[in-house]
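Bear in mind that the values here come from a model prediction, so they are computed numbers and not experimental data.
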Amino acid sequence: MSGGGLRQLLLQQITGDEQLGGLLASYNNAPAAFYQKAPSDSRPGWGNPKYPRLDFNVDMRHDPERKTEGTLAVNIWCTSECPAVGELDPDRAIEQRFLELVSGAFYTDGNRETVCAEWERSDEFLYEGGDKANNTPPEVYGLTVTFALMAFPEQITTSPDPIQGLNAWTNRHFPHMTAIAHDAMPPIWRPTDENPAIYWRFLGMSSTNRQSYSVNWYTGTFAAHVIAQSVAERNRWTKALIERAQLDGEVILADTSPMFINRIAVRHSADPLRDGQLELTGQYGVLRVEDAQIRLLHPYHSWADGYKPPKLKKEG
């Protein structure tokens with residue numbers, strides 16, 4: 001996903017949330033949320049007061065395995081004149097609602113490229129001091145909230161593709177799970193305990209000694225990322241996947257050939273977004289393409305090879 005596509009989805013999500021919009025100042029009759037930098041305080045369009053406000057920046061970078069990943073940095077700006085929200089300071093109240101909206105959410109653009117944002121850290125800052133007695137501007141302070149962005153690119157290659165087969169197998173046995181980079185997903189979506197997400201990822205493959213005249217056999221290793229709202233339900237879905245895979249013993253691929261499941265390993269402590277908790281090893285075959293026959297440039301035919309002696313007539 002490009003940074004521009006994610007930027008538009010984030011602005012849509014922020015400005016469309018009534019709770020978060022009610023915590024921010026107004027600019028041109030919309031919540032004061034901006035990409036990279038807020039307009040100057042002297043520009044027309046600001047309501048009164050001009051704080052709290054937020055701005056954000058998306059920094060995407062290349063990753064050799066996941067294609068893209070990056071960082072989302074959000075700055076929340078407040079002044080000493082901003083009222084508290086219940087028992088929370090205004091910046092902390094905005095941070096809390098922003099985390100509820102963004103952390104763990106999946107963003108999918110029109111090219112079916114999906115990115116997930118995961119909270120990493122929040123840091124306080126003090127931008128400007130003020131003194132009311134000397135009629136100086138009020139103190140400006142706030143938070144910088146940092147999210148890691150993880151890409152979930154499409155893994156399907158050529159037929160018979162084991163990732164395609166694993167996604168179809170998941171759809172058949174676990175219809176309440178959403179297969180990322182396979183099923184249709186809304187632009188902004190968050191997995192739940194009842195509707196978790198799964199992402200099958202190709203870790204690697206190798207050829208085997210098991211070869212036949214018509215089939216080349218390969219051993220593939222795949223990771224499954226199981227993502228739910230709670231740890232308990234995430235583990236329950238992972239256990240259900242393991243038991244079903246062991247019961248079936250194979251996954252039928254798109255060309256109706258089987259991929260035999262050789263090994264399943266589970267790591268409940270693994271990061272569900274980065275690493276995946278389930279590792280599956282399977283053996284599958286690919287039909288061999290017959291070699292083209294070499295055309296003879298100077299064919300030679302021996303009449304002797306086709307000679308048949310004449311039949312003799314019986315005498316008398």
If we only count heavy atoms from C-beta on, is the [X] to [Y] side-chain gap below 4.5 Å?
| X | Y | answer |
| --- | --- | --- |
| L143 | D123 | no |
| T108 | P187 | no |
| M177 | V226 | yes |
| I188 | L101 | no |
| E279 | I264 | no |
| E250 | I261 | no |
| V115 | F106 | no |
| E118 | M150 | no |

Would a distance-only check, ignoring hydrogens and angles, find a side-chain to backbone donor-acceptor pair under 3.5 Å from [X] to [Y]?
| X | Y | result |
| --- | --- | --- |
| D183 | A179 | yes |
| D17 | L20 | yes |
| D193 | S230 | yes |
| S103 | W119 | yes |
| R53 | K50 | yes |
| N167 | I163 | yes |
| T170 | L166 | yes |
| N111 | E113 | no |
| N195 | H176 | yes |
| D255 | S257 | yes |

Salt-bridge criterion met for E100 and R190 (N-O under 4.0 Å): no
Please round to the nearest 0.5 Å and tell me the distance separating atom [atom1] of [X] and atom [atom2] of [Y].
| X | Y | atom1 | atom2 | value |
| --- | --- | --- | --- | --- |
| N57 | T146 | CG | OG1 | 11.0 Å |
| T219 | M259 | OG1 | CE | 10.5 Å |
| F174 | W169 | CZ | CH2 | 5.0 Å |
| M60 | L72 | CE | CG | 10.0 Å |
| T192 | Q229 | OG1 | CD | 6.5 Å |
| L6 | Q13 | CG | CD | 9.5 Å |

Closest approach of [X] to [Y] (non-hydrogen atoms, all atoms of both residues):
| X | Y | answer |
| --- | --- | --- |
| G220 | F202 | CA-CE2, 4.4 Å |
| I14 | A33 | CG2-CB, 3.6 Å |
| L253 | P162 | CD2-CA, 3.9 Å |
| V85 | A93 | CB-CB, 3.7 Å |
| I242 | V266 | CD1-CG2, 2.7 Å |
| P153 | Y199 | O-OH, 2.6 Å |

side-chain contact (heavy atoms from CB on, under 4.5 Å) evaluation trace for Y35 with L10: CA-CA 9 Å; Y35 177 65; L10 283 167; over 6 Å; no
Where at least one partner belongs to residues 258-269, residue pairs that pass side-chain hydrogen bond (donor to acceptor under 3.5 Å, both in side chains), sequence neighbours excluded: N235-H268
Plane angle bin for [Y] and [X] - parallel if under 30°, tilted between 30 and 60°, otherwise perpendicular:
| X | Y | result |
| --- | --- | --- |
| H225 | F152 | perpendicular |
| F147 | F98 | tilted |
| F222 | Y284 | tilted |

Under 3.5 Å side-chain donor-acceptor pair for S122 and E95: yes
Derivation of the ring pair (Phe, Tyr, Trp, His ring centres under 6.0 Å) call for F56 and F34: CA-CA 7 Å; F56 66 91; F34 309 97; 9.6 Å; no
Trace of the side-chain contact (heavy atoms from CB on, under 4.5 Å) decision for T144 with V74: CA-CA 6 Å; T144 297; V74 182; over 6 Å; no
CA sep, side-chain torsions, deciding dist, call: D109, Y107, side-chain contact (heavy atoms from CB on, under 4.5 Å): CA-CA 7 Å; D109 62 11; Y107 300 88; over 6 Å; no
Contact list for residues 71-95, test ring-ring contact (aromatic ring centres under 6.0 Å, His included), sequence neighbours left out: W77-F125, W77-Y127
Evaluation steps, salt bridge (charged side-chain N to carboxylate O under 4.0 Å, His left out), between R92 and E87: CA-CA 10 Å; R92 290 296 180 180; E87 297 180 355; over 6 Å; no
